[in-house]
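Notes follow once the structure below has been shown.
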Amino acid sequence: MAEQPFTDDEYAFLRHVRFGELPPAVRPDDRVELTEAEARGDRPEPFDDPVHWNLRHAG
């Protein structure tokens, strides 16, 4: 007996059970463009000098 794939409604229910209520969508008027610094997030600046590279990569 082959199993039937879930329907869209069943997948929607499972997503709701796992993740709960989704926040409301952001309206286009409320959207803002990110600056380069904001888009990078919390990533540190890379070290380009050999001393830091060797320390980081144990070389």
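Computation of the quantities below employed the complete heavy-atom set of this structure, encompassing side-chain atoms and omitting hydrogens, waters and symmetry-equivalent molecules.
Other residues sharing a hydrophobic cluster with Phe6 under the 4.5 Å side-chain heavy-atom criterion for ILVMFWY residues are Tyr11, Phe13, Leu14, Val17. As a member of the Ile/Leu/Val/Met/Phe/Trp/Tyr network built from side-chain separations under 4.5 Å, Leu22 groups with nothing else and remains a singleton.
Note on residues 4-20: no pairs pass salt bridge (Lys or Arg N to Asp or Glu O under 4.0 Å), not counting sequence neighbours.
In this structure, the side-chain contact (heavy atoms from CB on, under 4.5 Å) partners of Val26, at least two apart in sequence or on a different chain, are Asp30, Arg31.
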